Amino acid sequence: MASETIPVIDLGPYLAGAPGALDTAAKELRHALTEIGFYFIVNHGVPAAKIAATFEQARRFHDQPVEKKLALKIDPNSTGYLPMRGNTLRTSTVQAGTKPNLNEAFFVKREMPADHPDVLAGRRYRGPNRWPDGLPGFRETVVDYCNTMEALVKKMVRIYARALDLPAAYFDAPFEDCQYSLRMTHYPPQDGPIEDEFGLAPHTDTSFLTLLAPNDVPGLSIRTQDGRWIEAPAIPDAYVVNGGQMLQRWTNDVFLATPHRAINRTGGERYALPFFCDSNIDWPIAAVPTTVGPDRPPKYPTTYYSDYMAWYQKRNYDVLNEARAAD
Amino acid sequence: MSATDDFPVIDLGPVVTGTPGALAPAAGQLRAALTELGFYAIVNHGIPDTLVAAAYREAARFHAQPAAAKDAVRIDRHNVGYLPLRGDTLRTSVVETVTRANFNEAFFVARDLAPDHPDVVADRRFRSANRWPANLPGFRETVMAYCTALEGLVATLVRLYAVALDLPASYFDGPFREFQWKLRMTHYPPQPPSAAADEFGIAPHTDTSFLTLLAPNEVPGLSIRRPDGTWRDPPRIPGAFLVNGGQMLVRWTNDRFLATPHRAVNRSGGERYALAFFCDANIDWPVAAVPTTVGPDRPPKYPTTWYTDYMVQYQKRTYDLLAGENA
């Protein structure tokens with residue numbers, strides 16, 4: 001049974017400040033991220049009502065007429081609306097040559113004040129969000145959800161630090177103004193045994209960590225280390241967490257970025273809310289000290305969020321490239 | 001020829017007062033200083049002359065005590081307290097083979113931890129209470145005021161180091177929260193004319209530190225070895241602190257910044273005192289090359305280490321009178 005494979009970490013004692021709970025959770029996390037690359041968290045403190053409200057906003061957004069959505073077409077900052085089949089995962093090292101993804105999504109990043117120096121300077125990935133008109137309450141609910149997730153991430157990175165034998169505060173500064181992106185995805189029902197069309201083709205995330213909101217509608221599959229695909233079980237109220245390519249870089253491949261995919265065969269609509277999180281935009285991304293040495297050189301050159309994401313986006317987002325070609 | 005000739009002098013005034021844009025030019029000077037000579041002077045650093053003078057007076061007062069009073073606070077395994085004349089031999093020197101003990105006596109002070117601090121209670125190495133002399137009223141207060149002022153200056157300096165290494169300005173803020181420091185209050189008696197050529201006040205050596213702040217000194221005695229192997233005296237700039245890097249800086253920067261050898265001999269005919277403030281990162285922070293100095297083609301030259309491990313090894317080699325403690 002899959003729930004035996006994907007570990008469940010109870011964050012309750014740590015979040016309550018119980019003595020020794022941080023190191024206990026760190027030990028479990030280390031196991032999860034060296035052996036499986038995915039884990040569940042329970043007692044994470046995110047109210048179920050807040051999650052439900054955000055799912056409801058995802059449904060509301062995608063229920064809009066397509067012209068309304070296309071008015072917010074995704075921009076170079078990776079915020080806005082990605083239409084159905086708008087991206088193809090060419091960077092996937094998991095399965096090559098898949099068709100464009102059968103999902104549509106709305107991306108939100110940190111809500112930046114209009115007079116923030118990065119906004120004024122037009123700095124990439126630090127732009128204003130693209131909010132829809134005519135959806136009262138949408139922005140407030142979504143921003144509140146993102147703030148809640150950010151606060152949780154800031155607590156979780158302390159577990160990552162201890163899991164890597166680093167001081168608990170090691171990631172505090174890098175994640176102070178972390179780069180995040182909420183993807184509000186709509187997977188329409190999909191039928192037929194289609195080999196190379198997915199709601200979301202097999203891929204690894206780019207992130208340091210991804211928090212996937214508890215979902216009543218199945219569809220996510222995870223590739224185990226021995227190459228089998230297993231369906232993620234639905235554990236009520238549990239977030240699914242995984243690492244991505246940035247986590248591999250931060251840990252010199254000590255932690256895994258496990259491939260996953262999504263197909264909605266439920267016959268109904270499916271929505272998903274992954275929250276992708278990375279360090280501050282200016283922080284160098286390189287292997288932490290406990291994962292390198294003269295005999296274990298860094299496997300990846302030091303990189304930065306902007307450079308990495310610009311490369312990634314160029315490879316995968318057809319819709320953006322079309323927009324740029326038309327400029 | 002000016003008094004400073006080719007010796008780098010960094011005006012910290014604009015940085016200390018928080019002038020916008022002041023970090024980058026000062027960081028450029030710092031990078032040049034630490035890649036070319038490994039020593040530099042700072043002016044307008046904000047440490048009052050009167051505080052420096054007061055700290056020197058306390059050094060003279062301490063060493064003027066009878067030998068018995070000094071022996072009562074003899075140096076311990078935490079490296080605080082009194083080191084007698086000829087109490088250490090710099091066998092770890094990579095500069096030259098050193099066999100003679102140093103002709104100086106010194107009093108070491110560390111961060112003044114409260115007796116009920118968990119590290120003190122646990123007798124954690126290098127986290128002890130200080131060993132204050134019993135009969136010198138005002139000594140502790142003056143010395144601590146001096147150290148606290150220098151601690152603030154170091155918090156500013158590490159931001160320059162970060163920018164000089166192409167890192168975010170706050171990169172070292174985390175590692176230097178409650179950082180390890182040690183004040184060495186040294187007395188160099190006049191070197192007897194009969195002294196052997198290889199007897200020094202302090203033999204040629206590199207420091208272990210990330211950075212060392214040496215208080216302005218009116219009595220000459222310090223010499224610095226240039227990269228070409230020749231020795232020079234630093235210029236005497238009234239009110240200027242001298243700063244140099246040590247073995248830890250070399251590790252943090254993968255050899256990009258220098259740890260320059262230096263030595264001291266007091267041939268002034270009178271007493272000489274020196275106030276060296278050695279600084280390192282937080283005791284729990286891993287010491288390893290920062291991301292901008294490593295990569296797949298530039299592996300780390302040194303294994304990751306920690307203050308405690310490194311200093312135990314160093315002390316074992318250098319401090320004869322602690323041999324029993326380190327066995």
Side-chain angles (χ1 to χ4, degrees), chain A residues 19-20 22-23 26 117-118 154 157-158 160-179 208 246 248-254 278-308, chain B residues 20-21 23-24 118-119 127 155 158-159 161-180 210 248 250-256 280-310:
Chain A
L22 173 58
D23 283 348
D118 285 353
K154 286 180 172 172
V157 293
R158 300 200 132 213
Y160 280 71
R162 293 300 302 132
L164 290 161
D165 295 317
L166 295 165
Y170 193 87
F171 291 119
D172 288 5
F175 280 79
E176 169 113 40
D177 186 27
C178 54
Q179 285 293 113
F208 181 96
M246 294 296 202
Q248 289 181 299
R249 287 175 167 253
W250 276 99
T251 64
N252 212 23
D253 283 349
V254 170
D278 280 295
S279 53
N280 296 3
I281 196 161
D282 289 318
W283 212 269
I285 296 154
V288 298
T290 46
T291 62
V292 281
D295 305 331
R296 270 201 301 177
K299 295 184 182 177
Y300 307 96
T302 298
T303 191
Y304 296 81
Y305 180 88
S306 300
D307 298 340
Y308 195 81
Chain B
L23 270 184
D119 284 353
R127 297 285 288 168
V158 295
R159 302 204 130 214
Y161 280 70
V163 176
L165 290 162
D166 297 315
L167 296 164
S170 64
Y171 192 85
F172 290 118
D173 290 4
F176 278 79
R177 190 168 299 135
E178 203 181 332
F179 64 87
Q180 288 294 108
F210 180 95
M248 292 296 204
V250 164
R251 288 176 165 251
W252 276 97
T253 64
N254 211 23
D255 280 351
R256 188 157 169 211
D280 278 297
N282 182 286
I283 196 163
D284 290 317
W285 213 271
V287 178
V290 296
T292 47
T293 62
V294 282
D297 305 329
R298 273 196 299 176
K301 295 184 181 176
Y302 307 94
T304 298
T305 190
W306 277 264
Y307 180 87
T308 307
D309 298 340
Y310 196 81

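Bear in mind that the values here come from a model prediction, so they are computed numbers and not experimental data. Proteins get letters first, then strands, A, B, ... in listed order; numbering begins at 1 in each.
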S.K.: Which answer fits A/Asp165, side chain, backbone, both or neither, if we ask what part of it has an atom under 4.5 Å from a heavy atom of chain B?
M.R.: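 The answer is the backbone of A/Asp165.
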
S.K.: Testing the basics here: between A/Pro297 and B/Pro300, what is the closest heavy-atom pair and its distance to 0.1 Å?
M.R.: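 Scanning both residues, the minimum pair turns out to be CA-CD, 4.2 Å.
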
S.K.: Which residues pass the salt bridge (Lys or Arg N to Asp or Glu O under 4.0 Å) test with A/Glu176, sequence neighbours left out?
M.R.: none

S.K.: What are the two closest heavy atoms between A/Val292 and B/Thr304, and how far apart are they?
M.R.: O-OG1, 3.7 Å

S.K.: When rounded to the nearest 0.5 angstrom, what is the spacing between CG in A/Asn280 and OH in B/Tyr171?
M.R.: 12.0 Å

S.K.: Using side-chain contact (heavy atoms from CB on, under 4.5 Å) as the criterion, point out the one residue from B/Leu167, B/Leu165, B/Val290 that pairs with A/Pro284.
M.R.: B/Leu167

S.K.: Which atoms of B/Tyr302 come close to chain A, meaning under 4.5 Å heavy atom to heavy atom: side chain ones, backbone ones, both, or neither?
M.R.: backbone

S.K.: Which heavy atom in B/Asp166 sits nearest to a heavy atom in A/Tyr304, and how many Å separate them?
M.R.: O-OH, 4.0 Å

S.K.: Going from CG on B/Asp173 to CG on A/Asp172, what distance comes out if it is rounded to the nearest 0.5 angstrom?
M.R.: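 Going from the CG atom of B/Asp173 to the CG atom of A/Asp172 covers 12.0 Å.
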
S.K.: With a 4.5 angstrom heavy-atom cut-off, could you sort out which part of B/Trp252 is near chain A: side chain, backbone, both or neither?
M.R.: neither

S.K.: If you count heavy-atom pairs under 4.5 Å with chain A, which of B/Gly174, B/Pro175, B/Pro291, B/Ser170 comes out on top?
M.R.: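 With the most close heavy-atom pairs to chain A, the winner is B/Pro291.
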
